[in-house]
Participant: 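Take a look at the following structure, please.
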Amino acid sequence: VIIYEDNGIGIKKENLSKIFEPFFTTNRNFGGNGLGLNLVYNIVTTQLDGTIICESELNKGTKFIITLPKIL
């Protein structure tokens, strides 16, 4: 299990279900293309056969929990 956590501004509830979608961004006017989290999602789930979930609360930060299968 890999946990990444920050204490930033967080993600709005209405955006949380969309963050892994390709081209979803709230920063399009500032050069964001919305591919970063989609790439991470695809690597974790397809190439590494794992799962990734995101928990976030506005003004309290964001946490990503990545679970990978045990490799022998």
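Since this is a predicted model, take the numbers as computed values, not measurements.
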Participant: For Ile19 and Leu16, which heavy atoms make the closest approach, and how far apart are they?
Facilitator: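 Ile19 and Leu16 have their closest heavy atoms at CG1-O, 3.5 Å.
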Participant: Kindly state each residue pair satisfying side-chain hydrogen bond (donor to acceptor under 3.5 Å, both in side chains) with at least one member in residues 1-18, sequence neighbours excluded.
Facilitator: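 Output for this query is empty, none listed.
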Participant: Side chains of residues 35-42: which donor-acceptor pairs under 3.5 Å do they make with residues two or more places apart or in other chains?
Facilitator:
from  : atom 1 : to    : atom 2 : distance (Å)
Asn38 : OD1    : Asn42 : ND2    : 3.3
Asn38 : ND2    : Phe20 : O      : 2.9
Asn42 : ND2    : Asn38 : O      : 3.3

Participant: Give every donor-acceptor pair under 3.5 Å between a side-chain atom in residues 48-65 and any protein atom, sequence neighbours left out.
Facilitator:
from  : atom 1 : to    : atom 2 : distance (Å)
Ser56 : OG     : Ile11 : N      : 2.7
Ser56 : OG     : Gly61 : O      : 3.1
Ser56 : OG     : Thr62 : OG1    : 2.9

